[in-house]
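Below: the structure, in structure tokens.
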Amino acid sequence: MFQKVDEARFVEGEHEMLRLWSERDVFRRLLDKNAGGPKWSFLDGPITANNPMGVHHAWGRTYKDVYQRYRAMTGHELRYQNGFDCQGLWVEVEVEKEMGLGTKTAIVEQGIDKFVHECKKRVLTFAARQTEQSVRLGYWMEWDDPEELRKLASHIGDEETLTLQTPKGETASGSAEELTARLGNPQWGGSYFTFSTENNETIWTFLKKCFERGKIYLGHDVMPWGGRAGSAYSQMEIADGRKLTTHRSCFVRFPLIEEQDGTTETRRHGGVPEYLLVWTTTPWTLTSNVAAAVNPDLEYVRVKAQTRGDEEPAYYYFAKENLEFKRLEREFKEGFGRPEWQWPDGLDKLKTISQIFKEQGKYKVDGTVKGEEMIGWRYAGPFDDLDAQNQPTGYPDRTSQLQIYADRWSQPSFTREQLAKDAKKLTTAVSLDDAPQVPNSLVEDKALTAIDEQQDWIDKKLRTEWRDKLEEGPKLISGLLEAAKSVGILTSRLVDYDTNFSELDRALRNLGMETAFARDWRALVAANESTLTVGTTLKHIYSVQPKSEEGRQALQEWVGEAQPNLTPELINSLSLAIERVFHSLETELGSILFKSGAEAHHVIDGGRDFKGNPHVVAGEGTGIVHIAPGCGDVDNQIGQSIRLPVIAPLSEDGSYGPGFDDRFTGHTAVDPATADLVFEQLKEKGHFVYVEEYPHVYPHCWRTGEELVFRLVDEWFINMDWREEIKDVTRAIEWLPESIQGQDREVEWLSTMRDWMISKKRFWGLALPIWVNPNDASDFEVIGSLAELKERAVEGWDEFEGHTPHRPWIDVVKIKSEKTGAVLTRVEDVGNPWLDAGITPFSTMGYREQPDMWEQWYPADFVTECFPGQFRNWFYSLLALSTMMRHGETDKPEEKRPFKTLLGHRLVMDETGQPMHKSDGTAIWFEEAAEQLGVDTLRWMYLAHNPASDLRFGTRHPDEPVTLNTPEGPISETKEGLPTVKVTSKPADDIRRQVLIPLWNSYAFFVNYAVADEFAPTLEQVPLADRPEIDRWILSRLQELIGTAHESFEAYDVATFVAAATTYIDDLSNWYIRRNRRRFWRSKDASDTDKTAAYQTLHEVLLTLTKLLAPCVPFITERMYGNLIGDTSPRATSRGSNAGESSVPRGVARGLGGEHSDSVHLCEYPSIDESKLDLELNRKTADVQTLVRLGHRLRESAELRVRQPLAELQFAASDAAQASALEQSADIIADELNVKMVTRSENLDDLVSYSFKPNLKTLGPKYGKLLGVIRKELPEMDGALLAPLRNGKPVTITLGGEEVTLEPDDVLVSTEQASDWASGDDGGIQVALSTTLTPALIREGMARDFVRHVQQARKDAGLVITDRIRIFYFTSDADVQIAITEHEESIQASTGWKDKGVLRPTDIDEWSEYIRTETLSDSITHTTAKDVPVEPVTIGESQVAIWIKPA
RNA sequence: GGGGGUAUAGCUCAGUUGGUUAGAGCGCAGCUCUGAUAAAGCUGAGGUCCCAGGUUCGAAUCCCGGUACCCCCA
């Protein structure tokens, strides 16, 4: 039997269901049930186990859960493996804070082992926490017991032998460290942890494969560095450690030089020496200067000035704008952006450059020059006498590392021979005899036609479709382009369509290469006065490679017309020039690479940052920036892009290394005395111009306050030159939602990404399996597994054994080089954490140890993740790692892909669309939302949202603490000690109001009547054919919904299903139940088949709906389901007291209605019952609803409330079938719209008038320009002329002097108002509603108002639906009204009174029986007593007091 | 600088192969229904469809140029 239900109490209900699931072990039974079913492989992107979950995590986890649940209900076997991301800096930073450590040194001093243990503990602790939160979300995974995880956490680092209970029910023993290392293995089950030995070892396997393909190399990168701590700092740490400080900044001058007759001379202008004016805040870096950067677009001045101490005047170059620029003017007034960062006391305002020169003497502006023209100028550096400046390759010597680059450049495709050959092809291509073959997908005919017709087509193709073809196919320029790209000197602009020669010219000058070839280029351009571009020429010739004679001619013609300058002679000289340039590049590359700092000094283009802003701007400095790639991040980037030598002056302790002789070696960079030293030297050499105190915000160590410097450090990279393989794999994957073009974005990233830096100088993470010769960086090996390591180990293995392959334990193992026999030591670095997450398709599915299992589960069918950022993080690492792992195992991209379909979703934002941050208290913790808004509500909100756009979740109110009722009891702070506060969410409120409450109310309606009526679902089913149409309709609509559900889930587009379900729930609540209420009220009568049909229909609908919605809202559906199947065990009502001893047998519900499972989640997902699907009926009902809506609209505009009965409604429909269908539903329409009569008419000509408009879509093609006239005149024509059109007959008329034949489809007819009838049309249905009221209708309307007020009174009195009452009423107008009645006729005539009335006792008497039936009342008493107990209400024109008493 | 995307109501966004009066949700205003539900339903106000040019009988839609914002890359 059903249990009565009242308010939904969603959150409480969710807690009850969590208990129920765990008591009945539902999840475990689901696994058993589906074991052996078809497999559906989901791969979880690991969540960082470093903090508790917020609402932003819950979106993705809801997707993961909902698609898994759907697959489970359709019988699939799943892995249900959650993942935790465990290693990396995020954890280290938090643990450092916890342990009160500030520096890497501090970590080393108190023991890396201890630190790593703490990291493991933290991860385990938060894994436990996130597990609990996920369970609360209803996220079904094979979860580890959080208590077991906490137990492990508390024993990490001790030797005690523990016994672990695994999720699959096994027990395992060992130390906490041993057990932890094996978490998530297939035998145990449970979440995978990326710190597991299997995960780390599988990454080793990957890196070994990279190594075997020659992709691992040692490069370098500039990092913020603390000398005292002896360590690098992360971006995160820097953000915390910025401080306002004052440094001595200086203006220095670099003398320009030039070659004259083989010797290098100071450059002079009119006999006066010329200098670049340069400014820096870090004088110590001047020792390591290699270049000076300008902005090519800026204007520079040449100023003649004589500074103090100079014998003669000199010319200075600097940005024109800077001469009078008031430096730090705003900061002087307003400070540096934070309240505590005000201009330092006692510090003067900065001087302008003009002032500085004036103070030292006179100056005069003598000409300007564009930055562009300065590029390539050579100068002498201020410290060119230092050894470090004269070391080839820079300092320290990087010859061995650079050899790796050099090797790459000498690959076959870049050889001189190859380049020459390619260039030759260019020549021959003009005659088109020996053109290379066209890539086969280039459709020739299409191309040729297009060439003839318009050049645009080609342009477009070039930019889109052919791009890939050009890159993929055998092609003329590929060698040139690849060579150019790989040396990083010629940007992709060289090959871009709109690139012109000057780009190449600039690139060459930027390299400091004033080569014969560059000059050739320029001469070539000048001689031809050509606007022809390299890209245009090469691409056009190369991309259209006609095979037929006809095609060749077409191309030649096109070349002749479109590119008149492109003569065979020009092509020839172009090709020769290209050949020479690249030959030159090849031969000169070495010298670029192996140049010393001193040799490299020249003016370069500063380029632009990632936002497109130039690195060099006018303003603060001089517009000429001193570049020291070994001392600055940006400097290093610029340097790398044009292969400047790198001088890295600092040792680990932050002092100058030995290459800086006795002047600097050993001095600390941040020591102010070092600056003095620099100034002294500069003065001595005549480079010094001016020094000043300069305040700025500068990075400091966030704990010790020590000033940081930028230092060049060695890092390990994977050469990603196999990107094309990854692109192929990327294209074999379905990327959803389509609108975000994920595949294109990923391919784009793969095309432009740089080599992958995989090392990190930290402690907690993957131990990079790279063993290197301490004396020769090129002598290194990569180890692929622990077994291999054990075999190769020459020392340290015994010490290591028994520990996880983490620092510090792994560091002691040493091997012997196979190449040189030297003892190799592991590099101390740990790995990039994206390796950890990217290897999981292999590590979690048994790639290494259980190939059978791996075969079954790889590739994953589905992954889903928040996409911003992941294209270059997780998605990228998955793709890259899989591609490499599968290399040599298969050639097919679809067998290499790690997953088949990816669903991305965007971010969770606050109510205003701003990101939520933990730091400012706007990030909403999971519990706060779950316990205040309800998890089902949250889930629906996530699922309904378009994954391609940000979700505006709501607002956290940090000032309003709340106590939350959680499954574990009330809390007022999180386990981390943060107070829980109020959370509001408009979308959540909307969903609860519009979806979940109506759903619940529909269910409650059914259950409560079923209880009252003792309806038994076991009754024999009323045959479908015997049920009323409306029953068949709601069941038919249900089948439609089932279809939508399957389609949506299969397409990973659950939002479509959720939207359809919302509409269905509305149909159910606001149409089916509302229209059928009366069928449920009738007295008990077992033979009332109509009533039985109603119950059975609604029962079926609700039961099916719970199953359909179960994946989306697992809690509310479970509650409803239990009651709907008549499960009387302690569920819906349980408070837990007797729940534990529930005697319900597993898998069988004891209740009504035959075979049901005892959980909706163990049910099969519904499938369409075709016999119940009647699309015709669905359409028809939709028409009725349309008509009713239209009727309501008409009543609205005529100001006739629905309770007021009207005499008649007439309708007509152009479609006869539609009209007769509506006619069949006349009673419904009459009832809904409260009209006495519903009449179908052929037309409404007598009641309405029509207006006619042309159907432009059909007439446009027929009449073209005449349309303007038709459009204007047709509506003005006599309706009678056009009347036949409404009966489907054509009409011929004369418009604009032409005869026009109009078919019915050519004209759009709409309905307009006539008197006494309100009329309108919608969807081809015309309706007219009689607005004339008779006194009888008015009286009936008042009677219905009366009933309405009695019902309100019943409700206010809290009566049950079966309670009987007596009614009393009083109306003060009674006497007057009697008088009125007598004169009714005349009053009506004189006032036009027609739609209002006064309520008289006689009216009540007239409707007495109706009123009593409707309100279950035994009597209606009119009283004349004045002291009424209630406020009167208005009925008609009367004030009436109505009150009730129990019968 | 290069590539991609977006621009439509106060807000968030739809808008089919070009077609008539450009829609939805929220918000606002008004009204209505209710014997399960003050749940909801209906109506209304509110738009130079970013700007300019072109193609076309006809452009929010296609093309070209510009502006603004976002993303990716260097």
Side-chain angles (χ1 to χ4, degrees), chain A residues 5-8 297 456 460 463 467 485 488 491-493 496-499 503 605 607-614 637 641 739-741 744-746 748-749 751-754 868-869 871-872 911-913 945-946 948-952 986-987 989-990 992-998 1000-1009 1066 1069-1071 1073-1074 1077-1078 1080-1081 1188-1197 1199-1203 1232 1234 1253-1271 1308 1310 1347-1348 1350-1352 1354-1355 1359-1363 1414-1416:
Chain A
V5 299
D6 42 27
E7 280 169 48
D297 301 325
D456 281 355
K460 197 176 162 191
R463 276 179 237 163
R467 233 175 113 118
K485 278 186 194 164
T491 66
S492 58
R493 285 203 55 180
D496 279 343
Y497 180 60
D498 57 354
T499 305
E503 198 65 34
D605 176 358
R608 286 167 190 263
D609 65 10
F610 64 95
K611 283 178 181 160
N613 300 319
Q637 281 177 32
S641 72
S739 63
I740 63 169
Q741 298 169 302
D744 293 349
R745 285 166 81 157
E746 191 66 53
E748 169 74 15
W749 158 253
S751 304
T752 56
M753 69 184 181
R754 293 174 157 208
F871 290 105
R872 56 202 163 103
E911 194 163 358
T912 60
H945 193 78
N946 174 2
S949 66
D950 289 337
L951 170 61
R952 298 189 172 199
K986 236 168 57 65
D989 292 344
D990 290 345
R992 200 180 308 105
R993 233 179 33 237
Q994 291 170 7
V995 184
L996 297 181
I997 289 178
W1000 183 263
N1001 286 335
S1002 303
Y1003 153 76
F1005 171 85
F1006 168 81
V1007 170
N1008 291 341
Y1009 276 96
D1066 185 59
S1069 169
N1070 282 322
W1071 191 262
I1073 294 183
R1074 190 172 53 76
R1077 276 189 304 246
R1078 282 174 166 74
F1080 294 87
W1081 300 341
V1188 168
R1189 237 192 327 274
L1190 175 58
H1192 279 300
R1193 203 187 313 154
L1194 295 176
R1195 292 192 77 116
E1196 165 88 22
S1197 56
E1199 294 183 349
L1200 291 164
R1201 68 192 190 284
V1202 180
R1203 277 192 303 271
E1232 280 292 317
N1234 195 16
K1253 279 183 186 169
N1255 184 355
L1256 301 178
K1257 196 168 184 173
T1258 60
L1259 289 174
K1262 288 191 216 167
Y1263 294 105
K1265 283 212 160 89
L1266 192 61
L1267 212 58
V1269 181
I1270 299 177
R1271 209 170 162 184
L1308 302 165
S1310 62
V1347 168
R1348 160 94 186 91
V1350 173
Q1351 302 294 20
Q1352 189 61 48
R1354 283 185 65 108
K1355 192 171 172 188
L1359 297 183
V1360 194
I1361 48 179
T1362 47
D1363 289 339
E1414 285 291 307
T1415 61
L1416 275 188

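Chain letters run A, B, ... following the sequence lines, proteins first and then strands; every chain starts at 1.
Checked against salt bridge (charged side-chain N to carboxylate O under 4.0 Å, His left out), Arg872(A) has no partners two or more places apart in sequence or in another chain.
Residues Glu911(A) and Arg952(A) approach most closely at O-CD, 3.5 Å, considering heavy atoms. The shortest heavy-atom contact between Asp950(A) and His945(A) is O-NE2, 2.9 Å.
For the pair Trp749(A) CH2 and G4(B) C1', the computed distance is 16 Å after rounding to whole Å. To the nearest angstrom, P of A39(B) lies 17 Å from CD1 of Ile1073(A). Whole-Å rounding puts the Asp605(A) CG to G2(B) P distance at 14 Å. At whole-Å resolution of the value, CG in Asn946(A) and C1' in G25(B) are 13 Å apart. Spacing between atom CH2 of Trp1071(A) and atom P of A39(B) amounts to 23 Å, rounded to whole angstrom units. Note: CH2 (Trp1000(A)) to C1' (A36(B)) measures 13 Å, nearest angstrom. Rounded to whole Å, the distance from CG on Asp989(A) to C1' on G27(B) is 14 Å. If you measure from atom CG of Leu951(A) to atom P of C26(B), you get 17 Å, rounded to the nearest angstrom.
Proximity of Arg1074(A) to the phosphate of U34(B): no side-chain N or O atom is located under 4.0 Å from OP1 or OP2. For Gln994(A) and C26(B), the shortest distance from a side-chain N or O to OP1 or OP2 is below 4.0 Å.
Annotation: A9(B) and G3(B) have their C1' atoms spaced 33 Å apart (nearest Å). Nucleotides C28(B) and G54(B) are separated by 44 Å at their P atoms, to the nearest Å. Comparing the P positions of U43(B) and A68(B) gives an interatomic distance of 42 Å, to the nearest angstrom. Remark: the separation of the C1' atoms in U8(B) and C49(B) is 4 Å, to the nearest Å. To the nearest whole angstrom, the two P atoms, one in A40(B) and one in C26(B), are 9 Å apart. Taking the C1' atom of each, U21(B) and C73(B) are spaced 46 Å apart, rounded to whole Å. With both ends at atom P, the span from G23(B) to U67(B) equals 33 Å, rounded to whole Å. For the C1' atoms, the distance from C64(B) to C72(B) is 25 Å, rounded to whole Å.
Residue order along RNA chain B, read from the 5' end via each residue's closest nucleotide, puts Asp950(A) first among Lys986(A) and Asp950(A).
You'll find a donor-acceptor pair under 3.5 Å spanning the side chain of Ser1069(A) and the base of A36(B), going by distance alone.
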- Step-by-step side-chain contact (heavy atoms from CB on, under 4.5 Å) determination, Val1007(A) to Tyr1003(A): CA-CA 6 Å; Val1007(A) 170; Tyr1003(A) 153 76; 3.5 Å; yes
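Nearest nucleotide to the Tyr1009(A) side chain, out of A39(B), G35(B), C26(B): G35(B). Comparing G35(B), A40(B), C26(B) by their closest approach to the side chain of Arg993(A) singles out A40(B). Comparing atom distances between the Asp990(A) side chain and each of A40(B), C26(B), A36(B) picks out C26(B) as nearest. Of the candidate nucleotides A40(B), U12(B), U37(B), U37(B) has the atom nearest to the side chain of Asn1001(A). Of the candidates A39(B), C26(B), A36(B), A36(B) carries the atom nearest the Ser1002(A) side chain, counting heavy atoms from C-beta on.
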- Query: So what does the secondary structure string of RNA chain B come out as, 5' to 3', with Watson-Crick or wobble pairs under 3.5 angstrom, [ ] for crossing and | for pairs with another strand?
  - Reply: (((((((..((((.....[...)))).(((((.......))))).....((.((..]....)).))))))))).
Short N/O separations, protein against nucleotides 68-71 of chain B, under 3.5 angstrom:
from   : atom 1 : to        : atom 2 : distance (Å)
C71(B) : O2'    : Arg745(A) : NH2    : 3.2

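Atom CZ in Phe871(A) sits 6.5 Å away from atom CD in Glu746(A) (nearest 0.5 Å). The distance from atom CG of Asn1001(A) to atom CG of Asn1008(A), rounded to the nearest 0.5 Å, is 10.0 Å.
For the pair Arg992(A) and Asp989(A), the salt-bridge criterion is met [side-chain N within less than 4.0 Å of a carboxylate O].
Considering only heavy atoms from C-beta on, Trp1071(A) comes within 4.5 Å of Val1188(A) through its side chain.
Classification of the Phe1080(A)-Tyr1009(A) ring pair by plane angle, with boundaries at 30° and 60°, yields tilted.
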